[in-house]
Amino acid sequence: MPKPHPYQVQDKYFQLAKQKGYRARSAFKLLEIQKKFNLIRPGQNIVDLGAAPGSFMQVIREIVGERGRVFGIDLQEMEAFPFENMKAVQGDIFEKESFFEAMKAFGFEQADGVTSDLAPKTSGIKDMDTGLSAELTDQAAYLSTQILKKGGYFVGKIFEGSEFQRVLRKIKRQFREVHVFKPEACRDRSYETYIVAQGFLASKINS
Ligand SMILES: C[S@@+](CC[C@H](N)C(=O)[O-])C[C@H]1O[C@@H](n2cnc3c(N)ncnc32)[C@H](O)[C@@H]1O
């Protein structure tokens with residue numbers, strides 16, 4: 001297993017990830033989300049935002065199988081995966097044209113689902129960290145509205161702060177059903193939670 005990613009906390013989930021061959025403990029957050037909402041299905045095309053070091057992508061690949069595809073993007077370079085239907089690119093989610101091009105080059109323009117575990121480099125100043133997280137989640141949700149098929153889903157991590165309700169309200173306008181869910185594996189991070197949005201209504205937020 002590679003050395004811990006800067007976002008990696010070394011606890012029981014870290015040890016478990018090591019045992020199971022996941023690149024990060026975050027894998028268990030997505031597994032809990034999947035257990036509760038059963039979003040990811042075999043054969044789907046999924047985009048993962050803020051993907052490094054790649055444990056969400058590993059979980060997704062296990063579920064979508066050989067017929068599905070997983071495309072991940074992160075500011076940080078990721079070690080390649082040994083499967084043709086997984087692609088990890090280095091890039092910034094705010095550079096949307098490059099992102100769309102890279103997705104297209106991998107062979108898909110539309111996705112069944114978008115997952116986002118994006119997180120800013122934290123400063124310890126709550127207002128600043130939650131504000132940056134809201135910006136990332138807002139952008140992730142926006143990108144999802146550009147690439148999701150009608151009825152698709154979005155899962156996005158967000159740090160709860162003063163911008164949380166605004167981002168949540170915006171997402172609620174675009175999806176049929178929206179839940180806020182905090183997996184057991186994030187209990188140590190008091191203000192980290194996930195927005196789980198299902199049934200994309202296929203009307204774009206903005207351009
Ligand atoms: C918690 S880590 C993701 C862990 C990952 N889900 C996994 O399972 O391995 C959050 C990631 O968000 C990425 N990130 C932050 N801002 C970004 C941006 N503007 N564009 C792309 N990635 C970004 C960071 O580089 C970091 O790797």
Side-chain angles (χ1 to χ4, degrees), residues 1-11 13-34 39-40 46-64 70-81 83 86-103 113-123 128-144 146-147 154-160 163 167 181-196:
M1 188 173 173
K3 69 175 187 203
H5 183 266
Y7 288 79
Q8 192 74 69
V9 175
Q10 297 195 30
D11 61 0
Y13 289 106
F14 176 80
Q15 297 306 334
L16 210 52
K18 218 167 158 179
Q19 279 167 26
K20 306 241 178 205
Y22 290 128
R23 294 181 180 186
R25 67 193 290 292
S26 321
F28 298 101
K29 300 177 192 174
L30 186 58
L31 283 166
E32 280 183 58
I33 293 167
Q34 174 67 6
L39 301 168
I40 308 166
I46 315 284
V47 170
D48 185 36
L49 307 172
S55 77
F56 265 35
M57 289 182 72
Q58 289 175 295
V59 168
I60 295 166
R61 170 62 174 75
E62 282 169 7
I63 304 166
V64 299
V70 195
F71 176 84
I73 182 167
D74 200 287
L75 287 175
Q76 305 205 30
E77 198 175 357
M78 273 176 275
E79 196 182 309
F81 294 94
F83 298 108
M86 294 178 86
K87 176 82 178 167
V89 301
Q90 190 172 13
D92 186 337
I93 57 140
F94 289 97
E95 290 170 12
K96 67 173 188 179
E97 295 310 330
S98 320
F99 164 70
F100 293 143
E101 262 171 44
M103 242 185 91
V114 174
T115 55
S116 161
D117 198 30
L118 286 156
K121 279 210 173 93
T122 48
S123 63
M128 187 184 282
D129 295 343
T130 58
L132 289 171
S133 164
E135 247 176 65
L136 286 169
T137 309
D138 203 17
Q139 175 72 0
Y142 161 68
L143 291 176
S144 82
Q146 306 300 297
I147 58 180
F154 169 74
V155 174
K157 175 160 81 186
I158 185 162
F159 297 166
E160 285 181 85
E163 292 296 297
V167 175
F181 178 66
K182 190 177 181 73
E184 188 66 37
C186 352
R187 285 291 143 90
D188 57 321
R189 291 154 191 222
S190 56
Y191 50 87
E192 174 182 298
T193 195
Y194 288 81
I195 295 173
V196 178

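As the structure lists them, so they are numbered: ligands from 1, and atoms in each ligand from 1. Count residues from 1 along the sequence.
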Main-chain N/O of Glu184 paired with Glu32 side-chain donor or acceptor, under 3.5 Å:
yes
Looking only at distances, can you tell me whether any N or O atom of Ile93, backbone or side chain, sits closer than 3.5 Å to an N or O atom of ligand 1?
yes
Would you say Pro53 touches ligand 1, if touching means a heavy atom closer than 4.0 Å?
yes
Counting N and O atoms only, with roles assigned by atom type, does the side chain of Glu192 sit under 3.5 Å from a partner on the main chain of Phe159, one being a donor and the other an acceptor?
no
Side-chain donor/acceptor of Arg25 to backbone N/O of Ala185, under 3.5 Å
yes
Below 4.0 angstrom from a heavy atom of Leu136, which ligand 1 atoms are there? Numbered from 1 as shown, please.
16 (N), 19 (N)
Give a yes or no on whether Glu62 atom CD has more than 12 heavy-atom contacts from other residues, nucleotides or ligands under 6.0 Å away.
yes
Heavy atom of Gly91, distance to ligand 1 below 4.0 Å
yes
So if I count the atoms of ligand 1 from 1 in the order they appear, which ones are less than 4.0 Å from some heavy atom of Ala51?
5 (C), 7 (C), 9 (O)
Is a side-chain N or O of Asp129 found less than 3.5 angstrom from the main chain of Ser123, in a donor-acceptor match?
yes
Is Arg61 positioned over the aromatic face of Phe83, cation under 6.0 angstrom from the ring centre and no more than 45 degrees off axis?
yes
Enumerate the atoms of ligand 1 whose separation from the nearest heavy atom of Asp92 is less than 4.0 angstrom.
18 (C), 19 (N), 20 (N)
Contacting atoms of ligand 1, where contact means under 4.0 angstrom from a heavy atom of Leu118
12 (O), 14 (N), 17 (C), 21 (C), 22 (N), 23 (C)
Give the atoms of ligand 1, by number and element, whose distance to some non-hydrogen atom of Gln76 is under 4.0 Å.
25 (O)
Only counting residues at least two apart or in another chain, list the ones meeting side-chain contact (heavy atoms from CB on, under 4.5 Å) with Phe100.
Lys96, Glu97, Leu143, Gln146, Ile147
Gly54 heavy atoms, cut-off 4.0 Å: which ligand 1 atoms fall inside?
7 (C), 9 (O)
Heavy-atom donor-acceptor pair, Gln58 side chain to Arg23 backbone, under 3.5 Å:
yes
Is there a polar contact, in the sense of an N or O pair closer than 3.5 Å, between Phe56 and ligand 1?
yes
Is there at least one pair of N or O atoms, one from Ile73 and one from ligand 1, spaced under 3.5 Å apart?
no
In ligand 1, the atoms that come under 4.0 Å of a heavy atom of Lys157 are 1 (C)
As a check for students: among Asp48, Asp74, Val59, Leu132, identify the option with a heavy atom nearest to atom 25 (O) of ligand 1.
Asp74
Name all residues meeting the side-chain contact (heavy atoms from CB on, under 4.5 Å) criterion together with Leu31; count only those two or more places apart in sequence or in a different chain, and write none if there are none.
Tyr22, Phe28, Val59
Heavy atom of Arg23, distance to ligand 1 below 4.0 Å
no
Name the option, out of Ala119, Ala52, Ala27, that contains the heavy atom nearest to atom 5 (C) of ligand 1.
Ala52
For ligand 1, which atoms, with element, lie under 4.0 Å from some heavy atom of Ser55?
7 (C), 8 (O), 9 (O)
Just by distance, do the side chain of Gln90 and the backbone of Met78 share a donor-acceptor pair under 3.5 Å?
no
Check for me whether Lys121 has a heavy atom closer than 4.0 Å to any atom of ligand 1.
no
Are any side-chain N or O atoms of Lys157 and backbone N or O atoms of Ser116, one a donor and one an acceptor, separated by less than 3.5 Å?
no
